[in-house]
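Only a predicted model underlies this, so the values are computations on that prediction, with no experimental measurement involved.
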Amino acid sequence: IPVIGYQSKTFFIQGLRAGYHLKNIEDRHKGRTFLDGYITPRMRPGESRRKLSVDAGLSGGYQFGLNSIALNVQQDISGNSDGTELTLSYGLTIPFIKNNIFLPRVSVIWQSQKLANFLWGIDQETFEKTLVNADEFTLNPYNIDQSVINISAGLTHIYRFNEKWSTLSIAQVTALSDTITDNPAVTGNYDLSFIFSLSYTF
C-alpha cells in the first residue's frame, strides 16, 4: 500500500498521522525540547469490531545526543470512545555500520478505562453481530472496568542505498495487561506487528 510522508519545518504527514511542529529541533546534535500537535485515526482490532475513531494529541520530549525521551498524550475527539492514552517512551539512534541506522525504543502505555474497553472489550452490538454471522466465532460480551498499562518494545531499521532509495523495517511487540488478556476473545498475551517498506525520497 503506497504511503506518502511529508516533512517541513512546521507541518508533517507520517502515514495516517498529520500534525504541526509547535517546537522543533533545529540541531539534533544538541540537547533540546520538542513539541508536536497532531491528529490520527485509530482502528479497533478484530474483524467483527471494525470502527474508526479519531484522536488528537500532543507529543513532546527532550533529545540529547542519540537519546530521546518523549511523552505522548492522545484524546479521542470522535466520540466513539472518549478515551485517553498516555505513552512514555525512550528511544536511541544507533548508526551501526555504513548506510544502516537502528532505532530501538521501549514504551509504557497507559489507556483509560473508556479507551481500553473500546479497544479490547466486547460490547453488545459486537456480540449480536457475531450471532447472526455463521462465518464468525461468537464473541461474548466482556467489559473492561479499569484503566490498563501495556509495555511495548520495538526496533526500526533503515538501510540507505543512496540519497533517494532506502528500506524501512519496523518490528514491535506489546505485552498486554492481564485485564485485557482475561477477555476470552483475546487469544494471546502479546500484540505483534511487523512493517517492511521501500522508500523513495524527493
Report, as yes or no, whether the 6.0 Å neighbourhood of atom CG on L16 holds more than 12 heavy atoms from other residues, nucleotides or ligands.
-> no

Non-hydrogen side-chain atoms of F118 and D76 separated by less than 4.5 Å = no

N/O donor to acceptor pairs below 3.5 angstrom from side-chain atoms of residues 96-113, sequence neighbours left out:
residue: N100; atom: OD1; partner: H157; partner atom: NE2; Å: 2.7
residue: N100; atom: ND2; partner: K98; partner atom: O; Å: 3.0
residue: S107; atom: OG; partner: S89; partner atom: OG; Å: 2.7
residue: W110; atom: NE1; partner: S147; partner atom: OG; Å: 3.3
residue: Q111; atom: OE1; partner: W120; partner atom: NE1; Å: 3.4
residue: Q111; atom: NE2; partner: E85; partner atom: OE2; Å: 2.9
residue: S112; atom: OG; partner: T84; partner atom: N; Å: 3.0
residue: S112; atom: OG; partner: T84; partner atom: O; Å: 3.4
residue: S112; atom: OG; partner: L115; partner atom: N; Å: 3.4
residue: Q113; atom: NE2; partner: I144; partner atom: O; Å: 2.7

Taking it one step at a time, do F12 and H21 satisfy ring-ring contact (aromatic ring centres under 6.0 Å, His included)?
-> CA-CA 8 Å; F12 65 89; H21 294 302; 4.8 Å; yes

Would you tell me whether N67 and Y90 have side-chain atoms, one donor and one acceptor, within less than 3.5 Å of each other?
-> yes

Once you round to the nearest 0.5 Å, how far does OG of S78 lie from CG of L52?
-> 7.5 Å

Note, Y62 side chain near S68 side chain (heavy atom, < 4.5 Å) = no

Evaluate the side-chain proximity of I180 to L119: yes if any heavy-atom separation is below 4.5 Å, no if none is.
-> no

Starting from the C-alpha separation in whole Å, work towards a yes-or-no answer on side chain to side chain contact (heavy atoms under 4.5 Å, CB included) for N183 and I122.
-> CA-CA 8 Å; N183 181 354; I122 303 297; 3.7 Å; yes

Looking only at heavy atoms, what is the nearest atom pair of S152 and T174, with distance?
-> OG-OG1, 3.3 Å

Considering non-hydrogen atoms only, spot the tightest contact between G188 and L176 and give its length.
-> O-CD1, 4.0 Å

Side chain to side chain contact (heavy atoms under 4.5 Å, CB included) between I170 and F196, worked out | CA-CA 6 Å; I170 303 174; F196 177 79; over 6 Å; no

Minimum heavy-atom distance A70-F34, with the two atoms named | CB-CZ, 4.1 Å

Is Y159 linked to L155 within one hydrophobic cluster, defined over Ile, Leu, Val, Met, Phe, Trp and Tyr using a side-chain heavy-atom separation of less than 4.5 Å?
-> no

Do Q74 and T40 touch side chain to side chain, with heavy atoms closer than 4.5 Å?
-> yes

Criterion side chain to side chain contact (heavy atoms under 4.5 Å, CB included) on T33 and K23, from CA distance to verdict | CA-CA 7 Å; T33 57; K23 183 177 178 55; 2.8 Å; yes

Mind checking side chain to side chain contact (heavy atoms under 4.5 Å, CB included) for I39 and listing every partner two or more places apart, or none if nothing turns up?
-> A56

Given the rule in the side chain to side chain contact (heavy atoms under 4.5 Å, CB included) test, do Q146 and T179 qualify, once you have shown the distances and angles that lead to the verdict?
-> CA-CA 8 Å; Q146 63 183 23; T179 303; 2.7 Å; yes

Pairwise side-chain contact, N72 with Y38, heavy-atom cut-off 4.5 Å (strictly under) = yes

Interatomic spacing from CG in N117 to CG in D82 - rounded to 0.5 Å = 12.0 Å

Please check if I94 and I158 belong to a single hydrophobic cluster, counting links between Ile, Leu, Val, Met, Phe, Trp and Tyr side chain heavy atoms closer than 4.5 Å.
-> no

Among the clusters formed by ILVMFWY side chains lying less than 4.5 Å apart, do V73 and I149 turn up in the same one?
-> yes

Using distance alone, with no hydrogens and no angle criterion, decide if Y190 and N150 have a side-chain donor and acceptor under 3.5 Å apart.
-> no

Atom CG of D55 and atom CG of N80: how far apart are they, to the nearest 0.5 Å?
-> 10.0 Å

Which atom pairs, donor and acceptor, lie under 3.5 Å between side-chain atoms of residues 160-168 and protein residues at least two apart or in another chain?
residue: N162; atom: OD1; partner: K164; partner atom: N; Å: 2.8
residue: N162; atom: OD1; partner: W165; partner atom: N; Å: 2.8

